[in-house]
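We're numbering straight along the sequence, starting at 1.
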Amino acid sequence: QVQLVESGGGLVQPGGSLRLSCAASGSICSIRATGWYRQAPGKERELVATITPSDRTNYGDAAKGRFTISRDNAKNTWYLQMSSLEPPDTAVYYCNMDCWLSPSEYWGPGTQVTVSS
């Protein structure tokens with residue numbers, strides 16, 4: 001089994017930046033991809049970004065040009081660098097790990113990001 005824990009969330013002013021981290025521990029599976037998703041109140045969960053162990057990346061539309069995902073394979077940790085944050089970015093951000101073998105997905109408990117002046 002694995003456990004994921006996010007850190008780095010908080011309150012930031014519009015135009016500001018935050019870096020989220022996700023640390024994986026335990027019996028880590030063979031990873032297909034790791035990533036970040038978010039969910040705002042009253043809205044559906046949406047993709048933010050994913051990255052594979054070979055550093056192939058995929059971004060949701062809202063993240064393109066502003067957010068960057070990266071991964072430290074040796075530390076089993078991945079990051080989301082967020083810049084030019086605006087109030088619509090306010091959400092709970094969840095880190096995710098997708099495995100080749102079942103069970104195929106693991107999730108962290110989430111970290112709140114609030115963008116407000």
T68 and Y59: CA distance, side-chain angles, deciding distance, side-chain contact (heavy atoms from CB on, under 4.5 Å) verdict: CA-CA 9 Å; T68 301; Y59 291 94; 3.9 Å; yes
Check L85 against D89 and note the closest heavy-atom contact, atom names and distance. CA-OD2, 3.5 Å
For S27, give me all partners under side-chain hydrogen bond (donor to acceptor under 3.5 Å, both in side chains), at least two apart in sequence or on another chain. none
Rounded to the nearest 0.5 angstrom, the CD1-OH distance for I31 and Y106 is 11.0 Å
Which heavy atom of L4 sits nearest a heavy atom of M97, and at what distance? CD1-N, 3.8 Å
Assess whether side-chain contact (heavy atoms from CB on, under 4.5 Å) is satisfied between W78 and S21, documenting all intermediate values. CA-CA 6 Å; W78 53 103; S21 300; over 6 Å; no
Apply side-chain contact (heavy atoms from CB on, under 4.5 Å) to the pair L20 and E6, showing each step before the final yes or no. CA-CA 7 Å; L20 306 183; E6 303 96 341; over 6 Å; no
Checking side-chain polar atoms at under 3.5 Å, does R71 have a donor or acceptor matched by the opposite partner on N73? yes
Might you work through the side-chain contact (heavy atoms from CB on, under 4.5 Å) test for E105 and N96, ending with a clear yes or no? CA-CA 7 Å; E105 289 187 315; N96 165 268; 3.9 Å; yes
Do side-chain atoms of T50 reach the backbone of A33 as a donor and acceptor pair under 3.5 angstrom? no
Roughly how far, to the nearest 0.5 Å, is the OG atom of S83 from the CZ atom of R66? 7.5 Å
Shortest non-hydrogen contact from G110 toward Y94: CA-CD2, 3.5 Å
side-chain contact (heavy atoms from CB on, under 4.5 Å) filter on A23, not counting sequence neighbours, yields T77
Would you say Y37 and V92 are hydrophobically clustered, going by side-chain heavy atoms of ILVMFWY under 4.5 Å? yes
Kindly give the heavy-atom pair with the smallest separation between P87 and P14, and that separation in Å. CD-CG, 4.3 Å
Let's go through F67 and W36 carefully: what are the C-alpha distance in whole Å and the side-chain angles of both, what is the deciding distance for ring-ring contact (aromatic ring centres under 6.0 Å, His included) to 0.1 Å, and is it a yes or a no? CA-CA 11 Å; F67 298 177; W36 293 91; over 10 Å; no
Is a side-chain donor or acceptor of S104 paired with a backbone partner of L101 at a separation under 3.5 angstrom? no
Using a cut-off of 6.0 Å, state whether more than 12 heavy atoms not belonging to E86 lie near its atom CD. yes
Say whether S116 and T114, considering side chains only, have a donor N or O and an acceptor N or O under 3.5 Å apart. no
Does one side chain, of Y93 or R38, offer a donor that lies under 3.5 Å from an acceptor on the other? yes
What's the spacing between M82 CE and I69 CD1 if we round to 0.5 Å? 11.5 Å
Would you check if W100 and C29 make a side-chain contact, meaning some heavy-atom pair closer than 4.5 Å? no
Side chain proximity check, V113 to L11, heavy atoms < 4.5 angstrom: no
Quick one: closest heavy-atom pair of Q112 and T90, and the distance? NE2-CG2, 3.9 Å
